[in-house]
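As the structure lists them, so they are numbered: ligands from 1, and atoms in each ligand from 1. These figures come from a predicted structure and were not determined experimentally.
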Amino acid sequence: MSGKRIVDRSGSVLIFRLLVAFLASVPLLVLVINIAGQSLGPDPGQEVTELLGIAAFQLLIVTLCMTPLKRWTGWAGWIRVRRMLGLFAFFYAVLHVLAFLQFILGWSDLWATFTKRPYIVAGALSFLMLIPLALTSTKGMMKRLGKSWKPLHKLVYLIAIVAWIHFIWQARSDIGEMVAYGLVIVGLLALRWKWGGARGVIPFARG
Ligand code: HEM
């Protein structure tokens with residue numbers, strides 16, 4: 001019997017997965033509660049867009065933490081929730097973009113808006129790069145892509161950097177929070193570099 005099965009049978013990974021799924025759903029619950037209670041402040045559309053953007057960004061960073069946590073603790077459970085966390089990040093990113101289109105932009109002048117403001121260009125770039133990762137996150141696609149899967153998924157480091165640029169570029173205040181996120185991303189990149197050399201963080205690099 002494989003070690004994987006043994007972990008599943010103990011139930012610890014299943015409980016952990018449920019806990020992580022619940023925690024990753026908290027931003028959505030907060031949003032629904034705030035909408036129901038009409039407590040979103042003077043500009044609800046902007047509030048919704050911001051809440052979803054920060055949820056996508058934070059979950060992306062949490063996803064990147066899973067491999068280091070597995071290496072440090074030796075517990076496979078971290079890796080078993082990695083894909084789910086990445087998909088939650090993508091889910092919030094999709095909602096963030098839809099909220100932007102619906103509440104801020106109003107679905108008009110799409111091309112002009114997306115190309116005029118540099119921070120929007122950065123957001124759109126990170127979103128576009130997230131799409132192939134979400135589409136290839138299934139076990140079937142992993143199998144089909146074989147050795148190309150890992151090099152493709154190294155895009156996640158570039159996505160985190162570009163999403164961070166998007167975040168800091170539109171900031172009006174509290175730069176400290178953005179700097180903290182930047183330091184976490186740099187730390188995660190440094191770890192991957194240490195463990196796998198430069199190839200460990202360069203998108204599409206093999207090895
Ligand atoms: C087409 C793609 C995207 C567009 C058009 C877009 C648009 C925006 C806009 C307009 C804001 C500012 C809202 C405001 O305060 O007025 C924003 C904020 C933000 N976005 Fe995006 N975004 C995109 C993709 C992403 C992605 C992929 C991520 C993360 C993975 C992300 C993370 C954030 C974060 C963290 C904020 C700051 C929220 C805050 O101030 O608390 N965005 N985005």
Side-chain angles (χ1 to χ4, degrees), residues 20 23-35 39-67 81-137 152-189 201 203:
V20 170
L23 290 176
S25 308
V26 166
L28 194 63
L29 292 175
V30 168
L31 193 64
V32 171
I33 290 168
N34 279 331
I35 290 173
S39 52
L40 275 169
D43 191 344
Q46 181 156 340
E47 193 83 7
V48 170
T49 310
E50 283 180 5
L51 196 147
L52 292 165
I54 200 81
F57 183 60
Q58 286 174 341
L59 277 160
L60 194 65
I61 294 180
V62 172
T63 308
L64 289 178
C65 292
M66 294 302 107
T67 304
V81 295
R82 194 176 51 180
R83 179 174 53 165
M84 178 171 67
L85 284 167
L87 286 173
F88 262 107
F90 179 66
F91 168 68
Y92 284 114
V94 171
L95 293 183
H96 171 61
V97 176
L98 289 176
F100 165 70
L101 292 172
Q102 178 66 26
F103 302 124
I104 298 181
L105 188 61
W107 299 93
S108 61
D109 283 336
L110 285 189
W111 180 250
T113 308
F114 275 85
T115 50
K116 210 162 50 190
R117 295 195 211 149
Y119 85 90
I120 301 257
V121 177
L125 271 179
S126 60
F127 182 67
L128 287 177
M129 290 190 285
L130 268 177
I131 295 172
L133 301 201
L135 293 179
T136 57
S137 66
L152 169 69
H153 277 250
K154 284 178 194 164
L155 256 184
V156 71
Y157 297 106
L158 184 59
I159 294 171
I161 295 169
V162 179
W164 180 75
I165 292 170
H166 166 66
F167 187 13
I168 200 155
W169 217 326
Q170 49 88 41
R172 287 167 220 114
S173 59
D174 199 8
I175 294 290
E177 185 193 351
M178 282 105 190
V179 172
Y181 283 119
L183 288 175
V184 172
I185 294 172
V186 169
L188 288 164
L189 282 166
V201 290

Numbered in order shown, the ligand 1 atoms found under 4.0 Å of a heavy atom of Gly53 are 32 (C), 33 (C), 34 (C), 35 (C)

Please list, in number order, the atoms of ligand 1 under 4.0 Å from a heavy atom of Gln46. 14 (C), 15 (O), 16 (O)

Verify side-chain contact (heavy atoms from CB on, under 4.5 Å) between Tyr157 and Leu64, making sure each step is shown before the conclusion. CA-CA 8 Å; Tyr157 297 106; Leu64 289 178; 3.7 Å; yes

In His166, the N/O/S atom nearest atom 21 (Fe) of ligand 1 carries the name NE2

I'd like to know if the side chain of Tyr92 reaches the main chain of Ala24, judged simply by a donor and an acceptor atom lying under 3.5 Å from each other, with no hydrogens or angles considered. yes

Separation between CZ of Phe100 and OG1 of Thr113, rounded to the nearest 0.5 Å: 6.0 Å

Taking the side chain as every heavy atom from C-beta outward, state whether Glu177 and Ile54 have any pair of such atoms under 4.5 Å apart. yes

Closest to atom 17 (C) of ligand 1 (heavy atoms only, candidates His96, Arg117, Glu50, Met178) is His96

Non-hydrogen atom of Tyr92 closer than 4.0 Å to ligand 1: no

Using distance alone, determine whether Thr49 and ligand 1 share an N or O pair under 3.5 Å. no

From Leu130 atom CG to Leu125 atom CG, the distance as rounded to the nearest 0.5 Å: 11.0 Å

Would you mind finding which of Trp169, Phe57, Tyr119, Phe167 brings a heavy atom closest to atom 9 (C) of ligand 1? Tyr119

For the residue pair Arg82 and Thr63, what are the closest heavy atoms and their distance? O-CG2, 3.5 Å

Report the nearest protein non-hydrogen atom to atom 12 (C) of ligand 1: residue, atom name, distance rounded to 0.1 Å. Gln170 OE1, 3.4 Å

List the steps, then state whether side-chain contact (heavy atoms from CB on, under 4.5 Å) holds for Phe88 with Ser25. CA-CA 8 Å; Phe88 262 107; Ser25 308; 3.7 Å; yes

Near Ser126, which atoms of ligand 1 are under 4.0 Å from a heavy atom of that residue? 26 (C), 27 (C)

What is the nearest protein non-hydrogen atom to atom 24 (C) of ligand 1, stated with its residue, atom name and distance? Gly123 O, 3.3 Å

4.5 Å side-chain heavy-atom contact, Leu189 and Ile161: yes

Should one rank Ala163, Ala171, Ala55 by closest heavy-atom distance to atom 29 (C) of ligand 1, which comes out on top? Ala163

